[in-house]
Student: 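One structure follows; several queries about it will come next.
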2 protein chains.
Amino acid sequence: MQISSRFSIGVHILSLLAIRPQDHHTSEWLAGSVGTNPVVIRRVLGHLKKAGLANVKAGSGGATLARELDEITLLDVYRAVDVVEEGNLFHVHEQPNPACPVGANIEKVLRLMMFKAQAAMEGVLAAVTMRELVDVLAREIEEKRAANG
Amino acid sequence: MQISSRFSIGVHILSLLAIRPQDHHTSEWLAGSVGTNPVVIRRVLGHLKKAGLANVKAGSGGATLARELDEITLLDVYRAVDVVEEGNLFHVHEQPNPACPVGANIEKVLRLMMFKAQAAMEGVLAAVTMRELVDVLAREIEEKRAANG
DNA sequence: TTTTATTGTAACCATATTAGTTACAACTCG
DNA sequence: CGAGTTGTAACTAATATGGTTACAATAAAA
């Protein structure tokens with residue numbers, strides 16, 4: 001099991017919009033960098049638009065950031081692309097036997113522990129802004145450029 | 001996307017082994033409490049056995065704990081039932097364009113952030129032992145018993 | 001030894017999700 | 001108008017999940 005690459009694609013797209021603000025970001029252009037089909041990009045971009053993270057212009061085409069990078073956290077992207085239903089990262093089996101003491105009570109205990117684990121994960125995503133990520137990315141690009149030419 | 005219920009089933013099984021040590025824990029009996037098919041139980045139990053968390057006796061049947069509750073963390077169970085490939089909770093898209101500066105460098109940055117998020121989640125699981133979980137569960141059972149009779 | 005109950009595993013099924021693809025109506029703007 | 005683009009539906013192949021039947025191998029009781 002893995003969390004859908006829609007999340008990583010969403011981050012990739014927003015990074016492109018941030019780092020290359022001058023370009024005409026069509027789904028085809030974005031797909032070229034992500035390495036996938038334009039329709040996949042349009043689907044993810046649709047999620048980002050709905051969440052108020054990106055603007056997309058129909059007809060003439062092109063996407064832009066709808067918010068400052070400082071005001072977009074990785075958790076915002078994660079939620080936007082709808083990869084994990086809220087509070088349900090873990091699937092808890094659904095028919096424990098209520099006639100058995102363990103069966104009747106384990107669900108509550110399990111959900112508590114799993115919620116904490118999930119919250120810890122999302123907390124890390126919430127603590128990183130796209131500004132920080134793009135800064136790290138830009139530094140990475142610059143370092144490689146300096147090294148390889 | 002959700003992490004397979006094998007994990008919650010595994011915890012449920014170990015809890016049963018701990019709370020009802022006197023019973024004959026056949027897959028059928030366990031399935032009765034979990035609310036699923038005995039084969040599903042046997043499959044999970046197979047994972048737990050392989051990981052050294054449970055003993056299962058073929059032929060005459062019956063499962064028992066193979067370790068003290070204090071020496072089993074939720075992370076042990078999570079790893080045992082093989083719900084998430086190590087280090088790969090997040091699926092990162094696999095063909096970013098190396099000719100694009102963003103495409104060439106985003107994977108490393110993404111993996112770093114995602115690894116931190118995943119590690120935070122697993123850290124919570126590692127911090128909870130089956131002893132603690134079973135204690136909470138036993139308290140829950142007792143409270144309900146006292147209230148409802 | 002025979003009988004009975006159980007495990008371990010293969011095989012199959014229905015369902016769901018994912019990511020890619022084709023197709024096309026609706027839209028924007030030169 | 002015409003060229004280029006988005007939004008979306010529809011289809012596909014691949015994969016994972018959880019349930020089910022079936023049965024050989026096994027253990028222990030009768």
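Residue numbering restarts at 1 for every chain, and letters A, B, ... go by the order of the sequence lines. Here the structure is a predicted model, which means the values were calculated and not measured.
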Student: Hey, which of these two, Ser27(B) or Arg43(B), hits DNA chain C nearer its 5' end, going by closest nucleotide?
Tutor: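 Comparing both residues, the 5'-ward one is Ser27(B).
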
Student: In terms of side-chain heavy atoms, does His12(B) have a donor or acceptor partner in Ser33(B) at a distance below 3.5 Å?
Tutor: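 Yes - a donor-acceptor pair under 3.5 Å links their side chains.
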
Student: At 4.0 Å (heavy atoms only), tell me whether Gly59(A) reaches a base, stays on the sugar-phosphate, or touches nothing.
Tutor: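 It contacts base atoms.
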
Student: When rounded to the nearest 0.5 angstrom, what distance separates CZ in Phe7(B) from NE2 in His91(A)?
Tutor: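 Those atoms lie 13.5 Å apart.
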
Student: Going through the distances and angles, do Val34(B) and Asn97(A) end up as a side chain to side chain contact (heavy atoms under 4.5 Å, CB included)?
Tutor: CA-CA 6 Å; Val34(B) 173; Asn97(A) 187 345; over 6 Å; no

Student: Have a look at Val39(A) and say if it touches a base, only the backbone sugar-phosphate, or nothing, with a 4.0 Å heavy-atom cut-off.
Tutor: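 Base, at least one base atom sits under 4.0 Å.
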
Student: To the nearest Å, give me how far apart NE2 (His25(B)) and P (dT7(C)) are.
Tutor: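 Rounding to the nearest Å, NE2 of His25(B) and P of dT7(C) are 12 Å apart.
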
Student: Could you tell me from which nucleotide to which nucleotide of DNA chain D, 5' to 3', there is an atom under 4.0 Å from chain B heavy atoms?
Tutor: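 It runs dT17(D) to dA28(D).
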
Student: Between dG8(C) atom C1' and Leu30(B) atom CG, what is the distance in whole Å?
Tutor: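 Computing the Leu30(B):CG to dG8(C):C1' distance gives 15 Å.
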
Student: Give the rounded distance in Å between these two atoms: NZ of Lys57(A) and P of dT28(C).
Tutor: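 After rounding, the gap between these two atoms is 10 Å.
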
Student: Looking for any heavy atom pair under 4.0 Å, which part of the strands does Lys49(A) touch: base, sugar-phosphate only, or nothing?
Tutor: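 If one applies the 4.0 Å heavy-atom cut-off, Lys49(A) turns out to touch the sugar-phosphate alone, with no base involved.
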
Student: I'd like to know if the side chain of Arg67(A) reaches the main chain of Ile72(A), judged simply by a donor and an acceptor atom lying under 3.5 Å from each other, with no hydrogens or angles considered.
Tutor: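 Such a contact is absent between Arg67(A) side chain and Ile72(A) backbone.
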
Student: From CD of Gln95(B) over to P of dA19(C), roughly how many Å is that when rounded to an integer?
Tutor: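 Distance check: Gln95(B) CD to dA19(C) P gives 12 Å.
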
Student: Would you find more than 12 non-hydrogen atoms of other residues, nucleotides or ligands less than 6.0 Å from Glu28(A) atom CD?
Tutor: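 Not more than 12 within 6.0 Å, no.
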
Student: Find the distance Arg42(A):CZ to dG20(C):P and express it as a whole number of Å.
Tutor: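 So the two atoms are 14 Å apart, to the nearest Å.
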
Student: Between atom CD in Gln2(A) and atom P in dT18(C), what is the gap in whole Å?
Tutor: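 Atom CD in Gln2(A) sits about 11 Å away from atom P in dT18(C).
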
Student: What I want to check is whether the side chains of Thr36(B) and His93(A) have a donor and an acceptor closer together than 3.5 Å.
Tutor: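 Result is no, nothing qualifies.
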
Student: Ignoring backbone atoms, establish whether His91(B) has a side-chain N or O less than 4.0 Å from OP1 or OP2 of dA19(C).
Tutor: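 Looking at the OP1 and OP2 atoms of dA19(C), one of them is under 4.0 Å from a side-chain N or O of His91(B).
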
Student: Could you check which of dT6(C), dG20(C), dT18(C) has an atom nearest any side-chain atom of Met1(B)?
Tutor: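 In terms of side-chain proximity for Met1(B), the closest of dT6(C), dG20(C), dT18(C) is dT18(C).
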
Student: Atom CG of Asn37(B) to atom P of dG8(C): distance rounded to whole Å?
Tutor: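 For the pair Asn37(B) CG and dG8(C) P, the rounded distance is 15 Å.
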
Student: Salt bridge check: are Arg145(B) and Glu142(B) linked by an N-O gap of less than 4.0 Å?
Tutor: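 Yes, this pair counts.
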
Student: 5'-most contact on DNA chain C: Arg6(A) or Ser60(A), nearest heavy atom basis?
Tutor: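 It is Arg6(A), whose closest nucleotide lies nearer the 5' terminus.
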
